Amino acid sequence: MATRIVRAACPHDCPDTCALLVTVEDGRAIKVAGDPEHPGTQGVLCTKVSRYTERTYHPDRLLTPLRRVGKKGEGRFEPISWDEALDEIAGRLSSIAARNPEAIVPYSYAGTMGLVQGESMAARFFHKLGASLLDRTICASAGATALRHTYGASVGMDMEQVVDAKLIIIWGSNPITSNLHFWTRAQEAKRRGATLVAIDPYRSLTAEKCHRHIAPMPGTDAALALAMMHVLIRDDLIDHDYVARHTVGFDALRERAMQFSPETAARICGIPVDDIEWLAGLYGKLAVRERQPVAIRLNYGMQRVHGGGQAVRAVACLPSLVGAWREAAGGLLLSTSGFFPVDNAALQRPDLLPGWPNLPRTINMSTIGDALLDDGTTGNGPKIEAVVVYNSNPVAVAPESGKVAAGFGRDDLFTVVLEHFRTDTADYADIVLPATTQLEHVDVHKAYGHTYFLANNQAVEPLGQALPNTEIFRRLAARMGFTEPCFADSDEAIASQAVLRDDKRAAGISWDSLKARGWQKLNIAKAPFAEGGFPSASGKCEFYSETMAREGLDPVPAYVPPYEAPSSAPELFARYPLAMISPPG
């Protein structure tokens with residue numbers, strides 16, 4: 001009996017991006033476990049991923065190409081060969097592209113977070129075709145933009161260091177269910193004497209286990225953050241040296257913060273004044289007067305409202321006010337993805353676009369329903385005639401699902417779906433193509449909750465007739481007559497192109513070293529902004545953003561009320577007094 005252990009990585013949209021050890025016995029994966037040597041994973045996986053073999057070997061897996069035989073949405077299909085599927089897809093796409101390639105739209109998101117099976121060969125294919133671009137906005141755009149306008153990129157503190165923090169503010173996050181490995185470190189910090197505070201409209205499992213839970217009304221986080229600044233400035237709990245040397249725009253921020261007294265914010269947020277005074281006082285006292293590390297774990301829930309980006313900006317300014325970045329266990333973590341030196345140009349080849357650097361039109365993925373129902377006479381570009389869906393399930397996840405289903409239900413829309421299982425979107429497809437799972441292909445992963453590159457080595461051969469995304473688009477490119485050498489790149493070749501080789505953060509990291517070791521940490525200081533050096537244009541934390549000012553946006557963090565808030569729309573608030581937030585699990 002031949003048994004081997006394969007180093008792999010979790011593909012899911014989760015900040016933990018765990019390192020996996022896959023046990024393979026006689027060619028079949030029998031166990032998926034966390035790598036105990038990986039400092040982020042520490043040998044522990046969530047229930048979903050520890051049972052990943054059940055996904056790969058599930059009896060409902062799609063293992064052959066399918067052609068629709070019923071009405072759209074009915075989910076009635078017949079098996080066909082790969083040659084039949086590819087010929088039909090290439091023929092339909094070629095015909096549409098001959099009229100206007102922008103009538104073809106790719107739709108993808110985070111079904112895998114891999115750099116190879118995500119947007120590499122697929123992006124090359126659609127760029128060469130000249131298809132419409134997709135703006136992938138559905139999850140984190142406001143928060144990511146906010147970090148870019150504050151720090152210069154999606155960067156933050158090292159999750160591994162948080163065990164030494166003396167105060168951890170978990171803001172808009174429920175890490176017990178969504179960031180397990182951060183939570184274990186927060187628990188260790190708690191055992192070492194740290195105070196844990198949860199800021200969340202909902203009393204989540206995380207909030208129940210923190211020392212204190214502050215529950216602002218949904219969409220009012222910016223007001224709370226500005227009131228904290230008010231207290232910090234009023235009580236001189238400011239690291240004046242750090243502010244002077246490593247920030248820009250303090251005077252403008254101070255003027256804004258002075259408009260948000262604790263009493264004003266308490267009325268907006270629906271919380272006691274004492275909560276604001278206590279939290280700001282503790283945060284400033286520990287960081288400034290006692291030089292103790294204070295950390296904020298911010299998450300994306302709070303940015304999915306009107307003004308969410310400004311709320312993230314407001315919270316992101318707090319660590320610089322008190323000099324929290326001086327300590328390795330201090331600062332803020334929303335995302336670390338901006339640290340990773342990924343060679344997106346090599347992976348995606350935007351130079352293949354016809355007329356590059358001029359770009360085709362862009363479709364916002366969050367309004368795909370409107371886009372599919374647009375008849376082409378509104379000035380937004382041609383009517384969409386074909387959609388190719390991979391790594392996503394828009395009929396189930398895109399907003400205004402009635403419009404989305406109606407759009408995908410159009411008889412004149414040609415739809416191709418790459419999938420593991422029959423999903424809501426697959427039921428509307430004309431052609432369904434069987435894709436491989438994480439155990440059946442090669443990939444490279446970065447993370448947004450830690451700073452390790454990870455390799456995903458192929459553990460088993462693809463089941464049935466399933467193919468990796470890369471191979472599907474490689475074959476389609478050949479059918480379409482694309483002859484550029486990049487369309488012949490193997491998955492190993494693509495993996496070797498993923499990491500920018502001349503970036504000092506990736507010194508010593510290559511595909512060869514990654515696949516052998518499984519994971520490698522970026523070369524980044526434990527306290528990356530102890531001496532400033534933010535990746536912004538100024539090199540500083542930007543309380544005042546010149547870029548935002550040029551774009552006609554408020555350059556200073558502001559409280560922007562929700563559309564139906566008492567202060568902004570009292571009549572609407574009276575009619576619709578409940579606010580919808582992300583569910584707890």
Side-chain angles (χ1 to χ4, degrees), residues 7-9 11 13 17 19 106 108-129 131 133-136 140 144 147-148 151-155 335-353 356-357 359 390-391 438 441-458 468-471 473-474 477 482 484-524 528 535-537:
R7 294 188 175 276
D13 187 358
T17 312
S108 68
Y109 198 62
T112 173
M113 298 294 283
L115 299 172
V116 178
Q117 303 303 331
E119 301 303 325
S120 64
M121 191 62 73
R124 297 175 187 185
F125 176 82
F126 290 111
H127 286 159
K128 173 64 177 176
L129 192 60
L133 302 176
L134 185 73
D135 196 4
R136 294 171 172 83
L147 287 189
R148 189 169 66 250
Y151 302 155
S154 292
V155 292
S335 173
T336 58
S337 62
F339 279 129
F340 286 84
V342 174
D343 195 344
N344 286 311
L347 290 172
Q348 301 177 16
R349 296 294 303 274
D351 57 294
L352 293 170
L353 283 162
W356 169 260
L359 301 177
Y390 55 102
N391 300 335
Q438 188 76 343
H441 57 230
V442 164
D443 221 323
V444 177
H445 288 258
K446 64 177 185 177
Y448 62 92
H450 59 69
T451 55
Y452 291 86
F453 267 120
L454 296 95
N456 186 75
N457 292 292
Q458 182 179 344
N469 288 350
T470 45
E471 180 62 17
F473 286 107
R474 198 178 284 119
F482 299 165
E484 286 79 1
C486 68
F487 290 109
D489 285 349
S490 67
D491 286 6
E492 291 266 343
I494 297 171
S496 70
Q497 297 162 12
V499 181
L500 276 170
R501 297 170 187 171
D502 57 353
D503 193 299
K504 63 182 181 181
R505 293 169 296 181
I509 300 176
S510 67
W511 171 239
D512 287 338
S513 62
L514 267 181
K515 66 181 179 180
R517 302 177 194 177
W519 42 267
Q520 289 178 270
K521 191 176 180 68
L522 297 177
N523 297 291
I524 298 172
S536 62

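In this text, all values refer to a predicted model and were calculated from it rather than measured experimentally. Values below: all heavy atoms of this structure, side chains included; hydrogens, waters and symmetry mates excluded.
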Test log, rule side-chain hydrogen bond (donor to acceptor under 3.5 Å, both in side chains), inputs N391 and E119: CA-CA 10 Å; N391 300 335; E119 301 303 325; 4.9 Å; no
If you apply the rule side chain to side chain contact (heavy atoms under 4.5 Å, CB included), what do you find for V342 with S337, and how did you get there? CA-CA 10 Å; V342 174; S337 62; over 6 Å; no
Regarding [X] and [Y], is there a side-chain donor-to-acceptor distance under 3.5 Å anywhere?
| X | Y | answer |
| --- | --- | --- |
| D443 | Q438 | no |
| S108 | R136 | yes |
| Y448 | D13 | yes |

Write down the atom of [X], the atom of [Y], and the distance for their closest heavy-atom approach.
| X | Y | result |
| --- | --- | --- |
| L522 | P341 | CD2-CD, 3.8 Å |
| A8 | N456 | CB-OD1, 3.1 Å |
| Y390 | G118 | CE1-O, 3.8 Å |
| V116 | V444 | CG2-N, 3.9 Å |
| E492 | V442 | OE2-CG2, 4.2 Å |
| G338 | A153 | CA-CB, 4.4 Å |

Atom [atom1] in [X], atom [atom2] in [Y]: separation rounded to 0.5 Å?
| X | Y | atom1 | atom2 | answer |
| --- | --- | --- | --- | --- |
| H450 | T17 | NE2 | OG1 | 4.5 Å |
| R501 | S510 | CZ | OG | 8.0 Å |
| Q520 | F453 | CD | CZ | 10.0 Å |
| L514 | W519 | CG | CH2 | 11.0 Å |

Would D503 and F340 satisfy side chain to side chain contact (heavy atoms under 4.5 Å, CB included), going step by step from the backbone distance to the final call? CA-CA 10 Å; D503 193 299; F340 286 84; over 6 Å; no
Aromatic contact between F473 and F487, with the criterion being ring centroids under 6.0 Å apart: yes or no? no
Quick one: does [X]'s side chain get under 4.5 Å of [Y]'s, heavy atoms only?
| X | Y | value |
| --- | --- | --- |
| Q497 | D343 | no |
| F125 | T470 | no |
| L129 | F482 | yes |
| H127 | L133 | yes |
| P535 | F339 | no |
| P350 | W356 | yes |

Can you list the steps and then say if S120 with Q348 is a side-chain hydrogen bond (donor to acceptor under 3.5 Å, both in side chains)? CA-CA 5 Å; S120 64; Q348 301 177 16; over 6 Å; no
Any carboxylate oxygen within less than 4.0 angstrom of a Lys/Arg side-chain nitrogen, looking at [X] and [Y]?
| X | Y | answer |
| --- | --- | --- |
| E484 | R349 | no |
| R474 | D491 | yes |
| D489 | R124 | yes |

Report the C-alpha separation of V155 and L147 in whole Å, then their side-chain angles, then the decisive distance to 0.1 Å, and conclude whether the side chain to side chain contact (heavy atoms under 4.5 Å, CB included) test is met. CA-CA 8 Å; V155 292; L147 287 189; over 6 Å; no
Test side chain to side chain contact (heavy atoms under 4.5 Å, CB included) on L347 and L115 and set out the steps. CA-CA 8 Å; L347 290 172; L115 299 172; 4.1 Å; yes
Going by the side chain to side chain contact (heavy atoms under 4.5 Å, CB included) test, name the single residue among M121, Q117, H441 that passes it with N469. Q117
